[in-house]
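Here's the structure, in structure tokens; my notes come after.
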Number of protein chains: 2
Amino acid sequence: MALEIEKLLDETGWRLLMELQENGRLSYKELGLRVGLSLPSVAERIRKMEEAGIITGYHAEVDLTKIGFSVLSILRLGSFAGENCSRVADLASAVPEVLECYKITGNDCVVIKVVTCSMPHLEQVIEQLSRFSIVSTSIVFSRPMKNRIITRELLERAQAVQE
Amino acid sequence: MALEIEKLLDETGWRLLMELQENGRLSYKELGLRVGLSLPSVAERIRKMEEAGIITGYHAEVDLTKIGFSVLSILRLGSFAGENCSRVADLASAVPEVLECYKITGNDCVVIKVVTCSMPHLEQVIEQLSRFSIVSTSIVFSRPMKNRIITRELLERAQAVQE
DNA sequence: TATGAAATAACCCTAGA
DNA sequence: TCTAGGGTTATTTCATA
């Protein structure tokens, strides 16, 4: 980890980062109260974390089910013999229902997360993907853990392994 | 989709939702400029979308690599013969390095996303998970698509399938 | 539209190099 | 003495009723 980033992520830096992961719309004033800094100091720290690339953005989280996307799936894509995995990933990413795409190790070289509003809709998406890859489909029943926030404890635990 | 939600997601509602998915810290004033509404109208609309459960939160996005988590993996977990998949999901969710957990259809009944700062660290996490499940590990090379935002076009495309 | 709250910018203070 | 980090205040901008 770069020295610059190490300096930004002291006790206070981590607390700000954790608060913003949980609630990205907290005011600088409120953040200041929670971590014991004045408003301008909070603003300055957060600006630096953004500049350093620690914080890459803020996003509203949408309840997919509520707005009609009742079927969430995770698909593994394999490439046809001798085909390029990068191409599979690019073609898959171009499908609008694909919300996330990972290029991974292993025989199935791509994993994607797909939202659809019904089973026929999912079927249609799979048909599309099947044109250029071998598709293994898993439908999501539930999500016991969604987007856990990154904490200082996790990083310290991680670094302790490095013995 | 509930009627209440349908009413909130008209042209303007969708534009607000898209802007907030892209930048969750935009001010109401700025949002108003972008969608052509007054500040109070924007505030009211967003409050309603939050109350209706369309928007479930706002979160800062953190660059994992920047802060030292250089290894991202996707693991599939199978349960031992006759064991409970729910238990596998719960135990996996309890591991701090697990950022996301999905219960899915298929033989491998759980998929998890794991962050680690090194290969030895990943190895240690896998050892832990192996105590209660059969682990298949894939390391992520890259992410061609990360958290695509939900758009009205996608929903309309989806609903068109329902013929 | 009016009122209060929050963000910004300019400035000062302190501590450490 | 210079710099970095934080605080203070005044002004502007934003949010709420």
Side-chain angles (χ1 to χ4, degrees), chain A residues 1-63 66-67 149-156 159, chain B residues 4-5 7-68 149-150:
Chain A
M1 195 176 6
L3 186 71
E4 177 207 6
I5 285 169
E6 196 120 20
K7 283 192 68 175
L8 290 174
L9 289 180
D10 59 356
E11 176 69 28
T12 306
W14 267 107
R15 279 170 67 192
L16 286 172
L17 196 57
M18 284 167 60
E19 295 286 356
L20 283 173
Q21 284 180 88
E22 263 168 16
N23 184 352
R25 266 188 93 83
L26 283 176
S27 70
Y28 293 161
K29 171 103 187 281
E30 177 60 29
L31 286 165
L33 288 174
R34 297 193 186 187
V35 308
L37 280 184
S38 68
L39 188 156
S41 304
V42 169
E44 179 67 3
R45 279 205 175 241
I46 290 174
R47 191 188 58 75
K48 282 183 184 166
M49 286 200 276
E50 289 166 353
E51 272 182 3
I54 297 174
I55 296 173
T56 54
Y58 304 87
H59 308 285
E61 184 187 7
V62 174
D63 184 329
K66 272 264 163 57
I67 62 172
I149 69 166
I150 310 294
T151 65
R152 187 181 205 182
E153 289 67 44
L154 177 55
L155 186 61
E156 275 162 6
Q159 285 166 344
Chain B
E4 176 206 9
I5 286 170
K7 283 193 68 174
L8 290 174
L9 289 180
D10 59 357
E11 175 67 28
T12 305
W14 266 107
R15 280 171 66 193
L16 286 171
L17 196 57
M18 284 166 59
E19 294 287 355
L20 283 174
Q21 283 180 89
E22 261 167 16
N23 184 352
R25 267 190 91 84
L26 285 176
S27 68
Y28 294 160
K29 168 132 189 244
E30 177 60 28
L31 286 165
L33 288 174
R34 297 192 186 188
V35 307
L37 279 185
S38 70
L39 188 156
S41 307
V42 170
E44 177 68 2
R45 280 209 177 234
I46 291 174
R47 191 186 57 75
K48 280 183 185 165
M49 286 200 276
E50 288 166 354
E51 274 180 1
I54 296 173
I55 297 174
T56 54
Y58 304 88
H59 308 284
E61 184 188 7
V62 173
D63 185 329
L64 295 170
T65 306
K66 273 264 163 55
I67 62 172
I149 68 166
I150 310 294

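All chains are named by letter (A, B, ...) in the order of the sequence lines, taking the proteins before the strands, and each is independently numbered beginning at 1.
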(message) If the condition is salt bridge (charged side-chain N to carboxylate O under 4.0 Å, His left out), which residues does B:Asp10 pass it with, not counting sequence neighbours?
(response) B:Arg45
(message) Does this structure show an ion pair linking B:Glu44 with B:Lys48, if we count only N-O contacts that are shorter than 4.0 Å?
(response) yes
(request) Summarise how protein sits on nucleotides 2-13 of chain C as a single string, 5' to 3': B when a protein heavy atom is under 4.0 Å from the base, S for sugar-phosphate-only contact, - for no contact. (result) ----SBBB----
(request) Report yes if the side chains of B:Leu20 and A:Val62 come closer than 4.5 Å at any heavy-atom pair, otherwise no. (result) no
(request) Can you measure from CD1 (B:Ile5) to CE (B:Met49) and round to the nearest 0.5 angstrom? (result) 11.5 Å
(request) Nearest 0.5 Å please: distance from the CD1 atom of B:Ile150 over to the CD1 atom of B:Ile54. (result) 12.5 Å
(request) Go through the structure and list residues passing salt bridge (charged side-chain N to carboxylate O under 4.0 Å, His left out) with B:Glu51, not counting sequence neighbours. (result) B:Arg47
Between N or O atoms, less than 3.5 Å apart, protein on one side and nucleotides 15-17 of chain C on the other: list the pairs.
none

(message) Looking at every heavy atom in both B:Leu39 and B:Tyr28, which two are closest together, and how far apart are they?
(response) CG-CB, 3.9 Å
(request) Identify the heavy atoms of A:Trp14 and A:Leu9 that sit nearest to each other, and give their distance. (result) CD1-O, 3.3 Å
(message) Using side-chain heavy atoms (C-beta onward) and a distance below 4.5 Å, is A:Arg15 in contact with A:Arg152?
(response) no
(message) Quick check: do A:Leu17 and A:Gln21 have side-chain heavy atoms less than 4.5 Å from each other?
(response) yes
(request) Considering only heavy atoms of chain A and a distance under 4.0 Å, specify the first and last nucleotide of DNA chain D in 5' to 3' order that meet this criterion. (result) D:dG5 to D:dT8
(request) Working to the nearest 0.5 Å, report the span between CG of B:Asn23 and CG of B:Leu31. (result) 8.5 Å
(message) Using a strict threshold of under 4.0 Å (side-chain N to carboxylate O), is an ion pair present between B:Arg34 and B:Glu30?
(response) yes
(request) Enumerate the residues from residues 14-21 of chain B whose closest heavy atom to DNA chain C is under 4.0 Å, giving them by residue number; use none for an empty result. (result) none
